[in-house]
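Shown next, in structure tokens, is the structure this report addresses.
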Amino acid sequence: MDEQPRLMHSHGVGMAGHPGLAQHMQDGTAGTDGEGRKQDIGDILQQIMTITDQSLDEAQARKHALNCHRMKPALFNVLCEIKEKTVLSIRGAQEEEPPDPQLMRLDNMLLAEGVAGPEKGGGSAAAAAAAAATGGIGADNSAEHSDYRAKLSQIRQIYHTELEKYEQACNEFTTHVMNLLREQSRTRPISPKEIERMVSIIHRKFSSIQMQLKQSTCEAVMILRSRFLDARRKRRNFNKQATEILNEYFYSHLSNPYPSEEAKEELAKKCSITVSQVSNWFGNKRIRYKKNIGKFQEEANMYAARTAVSATSVSAHGSQANSPSTPNSAGGYPSPCYQPDRRIQ
DNA sequence: AATAATGATTGCGC
DNA sequence: GCGCAATCATTATT
């Protein structure tokens with residue numbers, strides 16, 4: 001019920017009644033009465049308000065005069081405090097900045113890829129060594145790898161120069177703004193705290209720009225990786241002998257062209273390719289054979305004839321064992337017209 | 001330069 | 001995990 005008066009009292013923040021000002025004025029204006037002080041302040045404020053109407057030289061002189069005025073520090077502090085209470089307190093609350101998880105992720109990735117970290121020694125020698133250490137396959141691989149390294153270091157260089165540019169621009173801008181604010185704080189209530197806040201705002205802005213750089217660098221690295229890691233891009237056909245061996249197996253097991261794990265391993269060893277390459281080959285072969293048997297007719301006949309010949313020659317030498325483990329008849333895949341029958345004769 | 005062949009990858013169902 | 005089918009990207013051929 002009777003809270004109204006108290007509320008109204010607490011809201012009454014006027015300039016004349018400001019405790020800080022009163023305190024400052026006590027030692028500044030010894031001997032004058034209240035009317036005089038008010039007159040003084042009104043005078044100063046009037047001068048400040050009209051300063052823009054004057055010519056440049058005049059304004060400069062007036063600014064200097066005001067700056068040297070004995071009331072200046074007091075007024076300045078009061079204005080700063082009022083400003084702090086009215087404007088900045090609104091934004092002051094949301095001041096804390098937790099480390100952005102996304103930024104951390106980007107940083108970690110760049111570090112892991114060797115883009116952000118310290119410069120790793122020199123050029124092609126180190127790259128080749130690294131390639132040899134990781135690859136172990138041979139010259140082909142190391143050539144690819146050094147190419148990869150070269151491109152990566154290119155990205156790295158761009159990243160660093162850009163980052164440095166941003167850093168420099170940020171510093172330049174910050175000092176510029178700080179100087180400006182310091183300069184303006186001679187005529188405008190700008191507290192050091194406010195300048196500090198402004199600097200942190202600038203830093204935040206620039207770090208968000210840096211994050212964009214990091215983001216795009218990450219993307220570039222990912223694209224580079226996918227380019228070089230995708231085996232489709234460095235595909236080499238198998239040599240003649242390898243395809244020969246694979247085809248031989250395929251056509252002699254046409255009824256069931258699914259080599260077991262062991263068979264795949266053996267084929268891989270014989271062709272000096274990996275087991276998964278063997279699997280890929282058989283996968284491709286099966287589907288392509290099935291899709292267009294006619295096209296493979298000739299090939300099928302050729303290999304069938306060849307195995308038939310080798311089988312007969314083997315059996316002619318005495319051993320009666322059937323060479324392929326699975327006979328070639330009933331099954332999923334249609335056979336070509338010429339069906340090699342090793343039981344022939 | 002077009003086109004075919006070929007090894008590798010991806011998405012889906014089992 | 002495997003195989004199939006579709007597809008990609010490169011290499012060989014015309």
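Note that this is a predicted model, so its numbers are computed, not measured. Every chain is numbered from 1 and lettered A, B, ... according to where its sequence line falls, protein lines coming before strand lines.
- When the side-chain nitrogen and oxygen atoms of A:K264 are compared with OP1 and OP2 of C:dC2, none of them lie within a distance under 4.0 Å.
- Within the structure, a side-chain polar atom (N or O) of A:R286 is placed less than 4.0 Å from OP1 or OP2 of C:dC4.
- Under 4.0 angstrom from either OP1 or OP2 of B:dA8 there lies at least one side-chain N or O belonging to A:N280.
- When the nucleotides B:dA5, C:dA5, C:dT10 are ranked by their closest atom to the side chain of A:R235, C:dT10 comes out on top.
- An OP1 or OP2 oxygen of B:dT6 is reached within less than 4.0 angstrom by no side-chain nitrogen or oxygen of A:K285.
- Relative to the side chain of A:F238, the nucleotides C:dA5, C:dT10, B:dG7 differ in distance, and B:dG7 lies closest.
- In terms of phosphate contacts, A:Q277 brings a side-chain nitrogen or oxygen within less than 4.0 Å of OP1 or OP2 of B:dA8.
- Atom CD1 of A:I287 is separated from atom C1' of C:dC8 by 16 Å (rounded to the nearest Å).
- Under the 6.0 Å distance and 45° angle rule, A:R306 counts as a cation-pi partner of A:Y303.
- A donor N or O paired with an acceptor N or O is not found under 3.5 Å between the base of C:dA12 and the side-chain atoms of A:N237.
- With distances taken from any side-chain atom of A:T243 to the nucleotides C:dT11, C:dA5, B:dG7, the minimum falls on B:dG7.
- Each of A:S279 and A:N284 lies near DNA chain C, and the nucleotide nearest A:S279 is the one positioned closer to the 5' end.
- A:K291 has no side-chain polar atom (N or O) that falls below the 4.0 Å cut-off from OP1 or OP2 of C:dC4.
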Step-by-step salt bridge (charged side-chain N to carboxylate O under 4.0 Å, His left out) determination, A:K269 to A:E266: CA-CA 5 Å; A:K269 193 154 49 165; A:E266 189 170 334; over 6 Å; no

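- The side chain of A:R288 has B:dT6 as its nearest neighbour among B:dT6, C:dA5, C:dA6.
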